[in-house]
Undergrad: 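Next up is a structure, given as structure tokens.
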Amino acid sequence: MKSITGFLKYEGKITVGGFPNKTQDARRLLGYIPEMPALYPNLTVSEHLEFLARAYRMSDYADRANALLETFELSDKKKKFGDELSKGMQQKLNLCLGLLTEPKLLLLDEPMIGLDPHAIKRLKDMFEEMRAEGRTLLVSTHIIDSVDMLWDRALIMQGGKIKANVTRRELSETGKTLEELFFEVTEGVSQEDMRHAEAEGSGKE
């Protein structure tokens, strides 16, 4: 993800919407929500959104910003500084900043961490809306259950290498769950092995 955004050096070529990833044209299409919020301690919640809007030269962003703040229950925190927010609220602001520009391609690194159940539900609803609009979301997570019903294609990585690349339909035809596939390709544990282990565990009880 950091290579796509241009934060890390890499070999090869990365394009976003046909544009080299480090160009302004590509960055207008790209949104990034990092795992750890990188907020400015001396900017308020509202000022964070204004700063980003100006960076992207958005002239009409107020309604969008207010809607996002309301969605993630931050409307009453507009005048709070970044370092005055709890970790959960910082993550919510992090999401608002990543969603403000309505990117065509959105990269999300562990977006559910630190969120309360209501915020997770709202975020998942937004994911579904973005998918329906034809936008692309690339979500990196270690919590398989958090994306179980949201994905169209899953890539499982281990040691920096892709161990599996499968669509939802392809996986469904095998009769495996995403979790079962994960353990199979990363630990060599098949579905039959898992069932056998579960049966043995039940027997011991």
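Not measured: the values here are computed from a predicted model.
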Undergrad: Looking at R131 and D152, is there a salt bridge between them, counting it only when a charged N and a carboxylate O are closer than 4.0 Å?
TA: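 A salt bridge is present here (some side-chain N lies under 4.0 Å from a carboxylate O).
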
Undergrad: Does R57 have any side-chain contact (heavy atoms from CB on, under 4.5 Å) partners at least two apart in sequence or in another chain, and if so, which?
TA: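 If we apply the side-chain contact (heavy atoms from CB on, under 4.5 Å) test to R57, skipping adjacent residues, there are no hits.
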
Undergrad: Counting only pairs under 3.5 Å, give me each side-chain donor-acceptor contact of residues 73-83, with atom names and distances, residues two or more places apart or in other chains.
TA:
unit_1: E73; atom_1: OE2; unit_2: R122; atom_2: NH2; d: 3.4
unit_1: S75; atom_1: OG; unit_2: E70; atom_2: N; d: 3.4
unit_1: K78; atom_1: NZ; unit_2: N66; atom_2: OD1; d: 3.1

Undergrad: Going from CD on E128 to CG on L137, what distance comes out if it is rounded to the nearest 0.5 angstrom?
TA: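 Spacing of CD (E128) from CG (L137) equals 10.0 Å.
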
Undergrad: Could you check if a side-chain atom of L99 sits within less than 4.5 angstrom of a side-chain atom of R64, using non-hydrogen atoms only?
TA: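 Of all side-chain heavy-atom pairs linking R64 with L99, at least one is under 4.5 Å.
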
Undergrad: Check the hydrophobic clustering (I, L, V, M, F, W, Y; side-chain heavy atoms under 4.5 Å; chains of links allowed) and say if L115 and M89 are grouped together.
TA: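 Same hydrophobic cluster.
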
Undergrad: Of all residues at least two apart in sequence or in a different chain, which pass the side-chain contact (heavy atoms from CB on, under 4.5 Å) check with T15?
TA: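 Here the qualifying residues are K13.
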
Undergrad: I need the D145 CG to T177 OG1 distance, nearest 0.5 Å.
TA: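 Going from the CG atom of D145 to the OG1 atom of T177 covers 9.0 Å.
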
Undergrad: Do L123 and M112 make a side-chain contact, defined as non-hydrogen atoms from C-beta onward lying under 4.5 Å apart?
TA: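 Yes, close enough: below the 4.5 Å cut-off.
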
Undergrad: Output, in order, the C-alpha distance, side-chain angles, deciding distance and verdict of side chain to side chain contact (heavy atoms under 4.5 Å, CB included) for V166 and R153.
TA: CA-CA 6 Å; V166 63; R153 177 179 293 276; over 6 Å; no

Undergrad: For Y40, what residues pass the ring pair (Phe, Tyr, Trp, His ring centres under 6.0 Å) criterion, not counting sequence neighbours?
TA: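 For Y40, the residues satisfying ring pair (Phe, Tyr, Trp, His ring centres under 6.0 Å) (neighbours in sequence not counted) are H48, F51.
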
Undergrad: Answer whether the closest heavy-atom distance between the side chains of M126 and F72 falls below 4.5 Å.
TA: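 M126 reaches F72 side chain to side chain.
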
Undergrad: So for atom NZ, which belongs to K121, do other residues, nucleotides or ligands contribute more than 12 heavy atoms lying within a distance under 6.0 Å?
TA: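 Not buried by this count: 12 neighbours or fewer within 6.0 Å.
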
Undergrad: Are any non-hydrogen side-chain atoms of P37 and L93 less than 4.5 angstrom apart?
TA: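 Answer no - side chains too far apart.
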
Undergrad: Could you check whether any side-chain heavy atom of I113 comes within less than 4.5 Å of a side-chain heavy atom of T141, counting everything from C-beta outward?
TA: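 With C-beta onward as the side chain, the pair stays apart.
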
Undergrad: Verify the cluster assignment for L171 and I144: are they in a single hydrophobic cluster under the rule of side-chain heavy atoms below 4.5 Å apart?
TA: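 Cluster IDs for L171 and I144 match.
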
Undergrad: Could you go through residues 17-25 and list every donor-acceptor pair under 3.5 Å that involves a side-chain atom there, pairing it with any protein atom two or more places apart or in another chain?
TA:
unit_1: N21; atom_1: OD1; unit_2: Y10; atom_2: OH; d: 2.8
unit_1: N21; atom_1: ND2; unit_2: S3; atom_2: O; d: 3.1
unit_1: N21; atom_1: ND2; unit_2: I4; atom_2: O; d: 2.9
unit_1: N21; atom_1: ND2; unit_2: Y10; atom_2: OH; d: 3.4
unit_1: T23; atom_1: OG1; unit_2: P20; atom_2: O; d: 2.7
unit_1: T23; atom_1: OG1; unit_2: A26; atom_2: N; d: 3.3
unit_1: D25; atom_1: OD1; unit_2: R28; atom_2: NH1; d: 3.2

Undergrad: Mind checking the OG1-NE2 spacing from T71 to H118? Nearest 0.5 Å is all I need.
TA: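 Rounded to the nearest 0.5 Å, the OG1-NE2 separation comes out at 14.0 Å.
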
Undergrad: Answer whether the closest heavy-atom distance between the side chains of T174 and E180 falls below 4.5 Å.
TA: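 No, side chains not in contact.
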
Undergrad: Can a donor-acceptor pair be found, under 3.5 Å and without considering hydrogens, that links the side chain of Q158 to the backbone of T186?
TA: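 Yes, Q158 side chain to T186 backbone: donor-acceptor pair under 3.5 Å.
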
Undergrad: Say whether L108 and L138 are linked into one hydrophobic cluster, either directly or through other cluster members, by side-chain heavy-atom distances under 4.5 angstrom.
TA: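 L108 does not cluster with L138.
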
Undergrad: By the salt bridge (Lys or Arg N to Asp or Glu O under 4.0 Å) test, which pairs, at least two apart or in different chains, include something from residues 39-53?
TA: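 Residue pairs with at least one partner in residues 39-53: E50-R54.
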
Undergrad: Using a 3.5 Å distance criterion without hydrogens, assess whether the side chain of E170 forms a donor-acceptor pair with backbone atoms of T167.
TA: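 Yes, because the side chain of E170 sits within donor-acceptor range (under 3.5 Å) of the backbone of T167.
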
Undergrad: May I ask you to test the L100-L49 pair for a side-chain heavy-atom distance under 4.5 Å?
TA: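 Of all side-chain heavy-atom pairs linking L49 with L100, at least one is under 4.5 Å.
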
Undergrad: Which atom names give the shortest non-hydrogen contact between P103 and G31, and what distance separates them?
TA: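 Minimum heavy-atom separation between P103 and G31: CB-N, 3.4 Å.
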
Undergrad: Return the set of residues passing side-chain contact (heavy atoms from CB on, under 4.5 Å) with A164 (not counting sequence neighbours), or none when no residue passes.
TA: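 By the side-chain contact (heavy atoms from CB on, under 4.5 Å) rule, A164 matches I156, L181, V185.
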
Undergrad: Working to the nearest 0.5 angstrom, can you tell me the gap between D63 CG and L68 CG?
TA: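 CG of L68 is found 11.0 Å from CG of D63.
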
Undergrad: Quick one: name the residues clustered hydrophobically with L155, using the 4.5 Å side-chain heavy-atom rule over I, L, V, M, F, W, Y, and just say none if it's on its own.
TA: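 M157, I162, all in the cluster of L155.
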
Undergrad: Going by side-chain contact (heavy atoms from CB on, under 4.5 Å), name the residues that satisfy it together with Y32, two or more places apart in sequence or in a different chain.
TA: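 If we apply the side-chain contact (heavy atoms from CB on, under 4.5 Å) test to Y32, skipping adjacent residues, the hits are M1, K2, T5, F7, P34, L107.
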
Undergrad: Can I33 be reached from L105 by stepping across I, L, V, M, F, W or Y side chains whose heavy atoms are under 4.5 Å apart?
TA: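 No, L105 does not connect to I33 through the hydrophobic network.
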
Undergrad: Could you list the residues that satisfy side-chain hydrogen bond (donor to acceptor under 3.5 Å, both in side chains) with E35, not counting sequence neighbours?
TA: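 Per chain and number, E35 pairs via side-chain hydrogen bond (donor to acceptor under 3.5 Å, both in side chains) with no residue.
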
Undergrad: Between V139 and L106, is any pair of side-chain heavy atoms under 4.5 Å apart?
TA: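 No; the side chains remain at least 4.5 Å from each other.
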
Undergrad: Could you tell me which residues satisfy side-chain hydrogen bond (donor to acceptor under 3.5 Å, both in side chains) with K87, sequence neighbours excluded, listed by chain and number?
TA: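 Result, side-chain hydrogen bond (donor to acceptor under 3.5 Å, both in side chains) vs K87: none returned.
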
Undergrad: Any salt bridge (Lys or Arg N to Asp or Glu O under 4.0 Å) involving residues 102-117? Give me the pairs, sequence neighbours left out, ordered by first then second residue.
TA: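 Qualifying pairs, neighbours excluded: K92-D116.
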
Undergrad: If hydrophobic clusters are built from ILVMFWY residues whose side chains come within less than 4.5 Å, do L43 and L52 share one?
TA: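 Shared cluster, no.
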
